[in-house]
Amino acid sequence: MWFNSYFSNYNNMFMNSFNPFMNIINSIMPVNYFSGNNFFTNNIWQVPQSLPNYNNSIFQINNQINQTNYTPKVNSKNLEDFLTVAHSTETTATQNAEKVKETETPKQNLIHGVNYNKEKGEKLAENVIAGLPSDRDPNNPLCARYVKQAMVKSGFGPYINGNGEYCKYILRANDNFKEVKVKANELASLPKGSVIVYDANEICKNKKGETKQIGEDGHVTVALGNGKACSDILEDEILKTDRSYVFIPV
């Protein structure tokens, strides 16, 4: 009891002596925590009774984002333009890929199951016509010579000796041709540059159904794509037989 009374008296004495200083502070700072007896009870160093609520403070921003359905704003026109450009780019890329594919893999032109090379066929047909002799001797036909010369001129390999019948062996060994089996009534429809070989003394028929016999050296000729053929002479028709040997340019 005597301690409380003593401390109270001491406090009053201290505050009375401190009042002049406080009056100066109050004149400078209209609102403060130093006035009167509040110096020791409500000063700035006093720990507050309860902490402020920081639930909505900047330190809780992650929590707010997690608790809120965040939907970013998207400019619909920009999105539409983006999708249009993306689609256009994809379409262009697809078209370019298709063009490259077509370039790398030429379209097939199957003739009797073989991929016919039109460029080679036309070249051979042109060269055999261009090489026709102007002084052909009907008693000494040279069909094999002029067909083989046209092959050399077309870049299909070296000249190899052999008569008309032997040309089937020459052509089988040539990578520019592929042998196929063709029926008699299909020979006239062969494409340009196809080579037809007949054995010696083979019995054939012409358009009229008349029988024709191949010579003792056999025969070789180049189809012109219009039902006609050429060797050392232009032939108005291709003789028919199921036993011919046909070679397609590849």
Side-chain angles (χ1 to χ4, degrees), residues 109-118 120-133 135-250:
N109 185 10
L110 295 179
I111 303 295
H112 296 285
V114 172
N115 188 19
Y116 167 67
N117 190 316
K118 182 179 179 182
K120 288 184 178 181
E122 290 179 345
K123 182 183 293 186
L124 181 58
E126 291 173 1
N127 285 331
V128 73
I129 292 174
L132 283 171
D135 56 349
R136 176 180 182 268
D137 182 359
N139 297 318
N140 185 28
L142 299 172
C143 59
R145 175 186 295 182
Y146 288 95
V147 169
K148 289 185 291 184
Q149 287 179 350
M151 288 172 58
V152 173
K153 188 176 181 180
S154 300
F156 297 162
Y159 188 95
I160 300 175
N161 292 325
N163 60 15
E165 182 181 35
Y166 189 79
C167 282
K168 63 186 176 184
Y169 302 112
I170 296 173
L171 289 163
R172 283 173 181 167
N174 194 315
D175 292 336
N176 293 288
F177 298 90
K178 186 72 175 179
E179 185 175 6
V180 296
K181 186 62 180 176
V182 178
K183 295 180 179 179
N185 58 0
E186 297 174 330
L187 292 173
S189 61
L190 287 172
K192 286 183 178 182
S194 300
V195 183
I196 307 165
V197 179
Y198 300 88
D199 282 333
N201 303 313
E202 177 66 26
I203 303 300
C204 305
K205 290 186 177 181
N206 61 14
K207 292 179 180 179
K208 298 178 180 180
E210 300 172 343
T211 299
K212 297 289 183 178
Q213 185 175 4
I214 301 297
E216 60 182 11
D217 289 325
H219 182 54
V220 60
T221 189
V222 178
L224 301 180
N226 55 2
K228 298 182 180 182
C230 182
S231 53
D232 61 339
I233 188 175
L234 280 173
E235 303 170 30
D236 291 334
E237 62 177 323
I238 297 176
L239 296 177
K240 299 177 182 181
T241 177
D242 290 328
R243 292 159 36 118
S244 65
Y245 307 90
V246 177
F247 299 85
I248 305 291
V250 294

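For clarity, every value in this text was computed on a predicted model and none was experimentally measured.
Asn226 CG: more than 12 foreign heavy atoms inside a 6.0 Å radius. Residue Tyr159 places its OH atom among more than 12 non-hydrogen atoms of other residues, nucleotides or ligands, all under 6.0 Å distant. Around atom CD of Glu216, no more than 12 heavy atoms belonging to other residues, nucleotides or ligands sit under 6.0 Å away.
The closest side-chain heavy-atom distance from Ile214 to Leu239 is below 4.5 Å. Lys207 places none of its side-chain heavy atoms less than 4.5 Å from the side chain of Asp236. Counting heavy atoms from C-beta outward, Glu165 and Val197 have side chains that stay 4.5 Å or more apart. Contact of the Leu124 side chain with the Met151 side chain is registered, since non-hydrogen atoms from C-beta on lie closer than 4.5 Å.
Distance OH/Tyr116 to CG/Leu190: 10.0 Å, rounded to 0.5 Å. In this structure, CZ in Phe247 is found 5.0 Å from CG in Leu171, a value given to the nearest 0.5 Å. Rounding to the nearest 0.5 Å gives a distance of 15.0 Å between NE2 of His112 and NZ of Lys178. For the atom pair Ile111 CD1 and Asn117 CG, the distance stands at 11.5 Å (nearest 0.5 Å). Considering CZ of Arg145 and CG of Asp232, their distance stands at 9.5 Å, rounded to 0.5 Å. Distance check, rounded to the nearest 0.5 Å: SG of Cys167 to CG of Asp217 gives 10.5 Å.
One N or O on the side chain of Asn174 and one on the backbone of Phe156 form a donor-acceptor pair closer than 3.5 Å. The backbone N or O of Asn109 sits less than 3.5 Å from a side-chain atom of Asn115, completing a donor-acceptor pair. Lys181 places a side-chain N or O within 3.5 Å of a backbone atom of Asp242 that can act as its donor or acceptor partner. With hydrogens and angles ignored, the 3.5 Å screen pairs a side-chain donor or acceptor of Lys148 with a backbone N or O of Gly162. No side-chain donor-acceptor contact under 3.5 Å links Lys240 to the backbone of Leu187.
Closest heavy-atom contact between Gly193 and Pro249: O-CG, 3.3 Å. Nearest heavy atom pair, residue Asn127 against residue Ser154, reads ND2-OG, 2.7 Å. Taking both residues in full, the closest heavy atoms of Tyr146 and Gly131 are given as CD2-O, 3.2 Å, listed atom of the first, atom of the second, then distance. In terms of heavy atoms, Pro141 sits closest to Pro138 at CD-O, 3.9 Å. Across all their heavy atoms, Glu186 and Val182 have their closest contact at CB-CG1, 3.4 Å.
Annotation: salt bridge (charged side-chain N to carboxylate O under 4.0 Å, His left out) contacts involving residues 188-205, sequence neighbours excluded, comprise Lys168-Asp199, Glu202-Arg243.
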Would Lys120 and Asn176 satisfy side chain to side chain donor-acceptor pair (under 3.5 Å), going step by step from the backbone distance to the final call? CA-CA 8 Å; Lys120 288 184 178 181; Asn176 293 288; 2.8 Å; yes
Step-by-step side-chain contact (heavy atoms from CB on, under 4.5 Å) determination, Asp137 to Leu142: CA-CA 9 Å; Asp137 182 359; Leu142 299 172; over 6 Å; no
Run the side-chain donor-acceptor check on residues 218-225: report pairs under 3.5 Å with partners two or more places apart or on a different chain.
unit_1: His219; atom_1: NE2; unit_2: Glu235; atom_2: OE2; d: 3.3
unit_1: Thr221; atom_1: OG1; unit_2: Cys230; atom_2: N; d: 3.2
unit_1: Thr221; atom_1: OG1; unit_2: Cys230; atom_2: O; d: 3.2
unit_1: Thr221; atom_1: OG1; unit_2: Glu235; atom_2: OE2; d: 3.0

